[in-house]
*Asks:* 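I have a structure I would like to understand better, so I am pasting it below and will then ask my questions one at a time.
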Amino acid sequence: QVQLVESGGGSVQPGGSLRLSCAASGFTLDYYAIGWFRQAPGKEREAVSCIRSSDGTAYYADSVKGRFTVSRDAAKNTVYLQLNSLEPEDTAAYYCAKISRAYGTTCSFVAASYDFWGQGTQVSVSS
């Protein structure tokens with residue numbers, strides 16, 4: 001049974017940092033890319049980052065490039081998203097997702113490319 005469980009969200013001041021975790025079970029990270037998405041109230045879900053399983057190549061949305069870093073720990077079957085220099089505009093529920101088998105190890109910034117999603121973890125940035 002495929003499961004993705006996010007954790008690590010919280011409330012921080014602008015300029016602060018958080019590290020989100022996405023613990024995967026029921027499949028091996030070695031064979032599937034993992035994407036991170038976020039959704040703020042009243043806004044559409046947007047892609048934030050993706051890590052390719054074949055070689056660990058990371059991709060980022062322009063809005064977070066240079067501030068967020070995605071990584072993975074194969075031994076723990078867990079993907080991390082380090083959020084630095086947080087801004088109020090980063091406030092959202094953050095979700096990790098497993099790419100569907102058709103895409104395999106490659107990354108996508110299209111939500112429909114993913115077949116399993118976590119429950120989300122809330123990030124709030126305010127002073």
*Asks:* To the nearest 0.5 Å, what is the distance between CD on Gln3 and OG on Ser25?
*Replies:* 4.5 Å
*Asks:* Residues two or more places apart in sequence or in another chain: which of them pass side-chain contact (heavy atoms from CB on, under 4.5 Å) with Ser85?
*Replies:* Arg67
*Asks:* Say whether, by atom type as modelled, one donor and one acceptor occur between the side chain of Glu6 and the main chain of Gln119 under 3.5 angstrom.
*Replies:* yes
*Asks:* Just by modelled atom types, is the Asp30 backbone N or O under 3.5 Å from a matching donor or acceptor in the Thr28 side chain?
*Replies:* no
*Asks:* Testing the basics here: between Ala33 and Cys50, what is the closest heavy-atom pair and its distance to 0.1 Å?
*Replies:* CB-SG, 4.0 Å
*Asks:* Is there a side chain to side chain contact (heavy atoms under 4.5 Å, CB included) between Glu89 and Ser63? Walk through the geometry before answering.
*Replies:* CA-CA 10 Å; Glu89 293 73 23; Ser63 58; over 6 Å; no
*Asks:* Could you check whether any side-chain N or O of Arg52 sits under 3.5 Å from a backbone N or O of Ile34, counting only pairs where one atom can act as donor and the other as acceptor?
*Replies:* no
*Asks:* For a quick test of reading the model, state the closest non-hydrogen atom pair linking Ala111 to Trp117 and the distance between them.
*Replies:* O-CZ2, 3.5 Å
*Asks:* One pair to check against ring pair (Phe, Tyr, Trp, His ring centres under 6.0 Å): Tyr114 and Phe37. What are the steps and the verdict?
*Replies:* CA-CA 11 Å; Tyr114 296 82; Phe37 291 75; 5.2 Å; yes
*Asks:* For Ser108 and Ser113, indicate whether the former's side chain and the latter's backbone hold a donor-acceptor pair under 3.5 Å.
*Replies:* no
*Asks:* Ignoring hydrogens, what is the shortest heavy-atom contact between Leu20 and Thr121? Give both atom names and the distance.
*Replies:* CD2-CG2, 4.0 Å
*Asks:* Please confirm whether the backbone N or O of Val70 pairs with a side-chain atom of Tyr60, one donor and one acceptor, at under 3.5 Å?
*Replies:* yes
*Asks:* Passes side chain to side chain contact (heavy atoms under 4.5 Å, CB included), Val123 versus Leu83? Steps please.
*Replies:* CA-CA 10 Å; Val123 171; Leu83 285 59; 4.2 Å; yes
*Asks:* Output yes when a side-chain donor or acceptor of Ser49 lies under 3.5 Å from a complementary backbone atom of Tyr59, and no otherwise.
*Replies:* yes
*Asks:* Considering non-hydrogen atoms only, spot the tightest contact between Lys43 and Gln39 and give its length.
*Replies:* O-NE2, 3.1 Å
*Asks:* How close do Ser17 and Val12 get, heavy atom to heavy atom, and via which atoms?
*Replies:* O-CG1, 3.9 Å
*Asks:* Keeping Thr105 on the side-chain end and Ser54 on the backbone end, is there a donor-acceptor pair under 3.5 Å?
*Replies:* no
*Asks:* Any chance the side chains of Asp55 and Thr57 put a donor and an acceptor closer than 3.5 Å?
*Replies:* yes
*Asks:* Please check if the side chain of Asn84 supplies one atom and the backbone of Thr69 the other of a donor-acceptor pair under 3.5 Å.
*Replies:* no
*Asks:* What's the separation between atom OG in Ser71 and atom CG in Leu81, rounded to the nearest 0.5 Å?
*Replies:* 8.5 Å
*Asks:* Write down the atom of Ala47, the atom of Ala61, and the distance for their closest heavy-atom approach.
*Replies:* O-CB, 3.4 Å
*Asks:* Can you measure from CG (Asp115) to CZ (Phe27) and round to the nearest 0.5 angstrom?
*Replies:* 8.5 Å
*Asks:* Calculate, to the nearest 0.5 Å, the distance between atoms CG and OG1 belonging to Leu29 and Thr78 respectively.
*Replies:* 7.0 Å
*Asks:* Between SG of Cys22 and CH2 of Trp36, what distance do you get to the nearest 0.5 Å?
*Replies:* 5.0 Å
*Asks:* Are Val79 and Val5 linked, directly or through other ILVMFWY residues, by side chains that come within less than 4.5 angstrom of each other?
*Replies:* no
*Asks:* Flag yes if Tyr103 and Tyr32 sit in one hydrophobic cluster, no otherwise; membership is Ile, Leu, Val, Met, Phe, Trp, Tyr, and two members link when side-chain heavy atoms are under 4.5 Å apart.
*Replies:* yes
*Asks:* With a 4.5 Å cut-off on side-chain heavy atoms, are Pro14 and Pro88 touching?
*Replies:* yes
*Asks:* Rounded at 0.5 Å granularity, tell me how far CG in Leu18 sits from OG in Ser124.
*Replies:* 9.5 Å
*Asks:* Mark yes or no: Lys98 above the aromatic ring of Phe116, with NZ or CZ under 6.0 Å from the six-membered ring centre and no more than 45 degrees from the axis.
*Replies:* no
*Asks:* Run Tyr94 and Arg38 through side chain to side chain donor-acceptor pair (under 3.5 Å) and show every step you take.
*Replies:* CA-CA 4 Å; Tyr94 283 71; Arg38 67 185 181 186; 2.9 Å; yes
